[in-house]
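Contents: one structure, followed by commentary.
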Amino acid sequence: MHGVKTVLVTGGAGYIGSHACKALRANGYTPITYDNLSTGWRDAVKFGPFVQGDLADREKLDRVFSEYRPQAVLHFAALSQVGESFEKPGLYWRNNVVGSLTLIEAAVAAGCLDFVFSSTCATYGDQDNVVLDENSPQHPANSYGSSKRAIEEILRDFRQTEGLKTVIFRYFNVAGADPETEVGEFHQPETHLIPVVLDVIRGRRPELVINGTDYDTPDGTCVRDYVHVMDLVEAHVLGLKWLEGGKPSRVFNLGTGHGFSVREVVDQCGLVTNRPVPFREGPRRVGDCSVLVSGSERAKTELGWAPRRSTLPEMISDAWKWHLDGHYEA
Ligand code: UDP
């Protein structure tokens, strides 16, 4: 349709992708969700058409590109659990890397050259407590991070030879939910810290296990930089406009620059919900880095990104609201 800006959103039925679809819709785009529902939810697709399909299915991708003629791709679809990636590297390389290569080739063949990619701070790996900016070397410590770094390299090659234009976002730890509870975070099984703590608080799990208390950090637990999912997806809209405006391919970290330890997050969850959090101290989780904090201002200065909700209390209270009010049919 003339005048309607259509965007292909892989992983649009997942946590971050579904919030991105809401933000796209609010900004005048029509998001086409392409998702195999392996970890996403049909109920989360609320803001545009849905096509159930796999990244590895080139024929289906070709059909979607020719039917909807998207002007850009936002590529969220991926397996994203650090622990699982350590146990099943083949799964991560095949799904994330081979799947993304298939998608990139389909996009190029369709002449859809604006490509926004969800990468991760896990591509940096452990770097002795330095703050990480976009020029920091990438030494991923697990297959999840390696698979994302490999996709960044594929994108680089396709930029050079096929004219692909890319915005790569390296996310730090994404948290919170849509404050209107239309969409939220729902993984099965859930492994991420804040939703796990909220499950414990609601009595859905007996206790939290803190994964390691002997890290070289102020309180011995891992430090992460948490960013609100609503702020994160706003950056994607800005990234899309960046490419629409003919700006050069660019990498942006998305984090706040402030690190919080696991213990600080747990304490804050107790304060926000006014409930106790039963926990015990367990061993380290294989593949975890001690500190991942973004040192970058680039997204703010160049994209004009202004995170508004990324305080720990706000992320936890929005996640809590979703825990209490929202749900998808499993
Ligand atoms: N974590 C924990 N107990 C849990 C879940 C997570 O101690 O039940 C820790 C995890 O080991 C890491 C931090 O919380 O140090 C953030 O983990 P999450 O899985 O949320 O995100 P990641 O940093 O792995 O992307």
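Indexing begins at 1, ligand by ligand and atom by atom, following the structure's order.
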Atom 15 (O) of ligand 1: nearest protein contact (heavy atom, Å): Cys222 CB, 3.1 Å

Lys60/Glu67 under salt bridge (charged side-chain N to carboxylate O under 4.0 Å, His left out): CA gap, chis, key distance, verdict: CA-CA 10 Å; Lys60 191 168 272 184; Glu67 182 176 346; over 6 Å; no

Distance in Å, Glu234 CD paired with Leu254 CG, rounded so as to fall on 0.5 Å steps: 11.5 Å

Ion pair check, Asp288 and Arg224, cut-off under 4.0 Å: yes

Ligand-residue contact atoms, ligand 1 with Val262, heavy atoms, under 4.0 Å: 7 (O), 9 (C), 13 (C), 14 (O), 15 (O)

Protein contact of atom 23 (O) of ligand 1 - nearest heavy atom, named by residue and atom, plus distance: Arg224 NE, 2.7 Å

Heavy-atom nearest neighbour in the protein, as seen from atom 3 (N) of ligand 1, with distance rounded to 0.1 Å: Val209 O, 2.8 Å

Ligand 1-proximal atoms of Asp288, by part, heavy-atom distance under 4.0 Å: side chain

Gap separating the NE2 atom of His228 from the CG atom of Asp178, nearest 0.5 angstrom: 8.5 Å

Residue Thr191 vicinity, atoms of ligand 1 by number, heavy atom under 4.0 Å: 5 (C), 6 (C), 19 (O)

Presence of salt bridge, Glu152 and Arg170, under 4.0 angstrom: yes

Geometric N/O contact Tyr226 with ligand 1, under 3.5 angstrom: no

Residue, atom name and distance, where the atom is the protein heavy atom closest to atom 17 (O) of ligand 1: Arg285 NH2, 3.7 Å

Presence of salt bridge, Arg58 and Asp62, under 4.0 angstrom: yes

Within-cut-off N or O pair, Leu193 and ligand 1, under 3.5 Å: yes

Donor-acceptor pair between Tyr92 and Glu84 side chains, under 3.5 angstrom: yes

Quiz item: cation-pi between Lys22 and Phe47, 6.0 Å / 45°: no

Which of the ligand 1 atoms, numbered from 1, are nearer than 4.0 Å to a heavy atom of Ile210: 7 (O)

Polar side chain donor-acceptor pair, Asp325 to Thr181, under 3.5 angstrom: no

Ligand 1 contact on His192 by region, counting heavy-atom pairs under 4.0 Å: both

Protein heavy-atom partner closest to atom 1 (N) of ligand 1 - residue, atom, separation in Å: Asn211 ND2, 3.3 Å

Proximity of Val196 to ligand 1 by residue part, where a heavy atom lies under 4.0 Å: side chain

Proximity to ligand 1 by part of Gln81, non-hydrogen separation under 4.0 Å: neither

Atom 22 (P) of ligand 1 [closest protein heavy-atom partner, distance rounded to 0.1 Å]: Asn173 ND2, 3.5 Å

NZ/NE/NH1/NH2 to OD/OE distance under 4.0 Å, Arg205 and Glu190: no

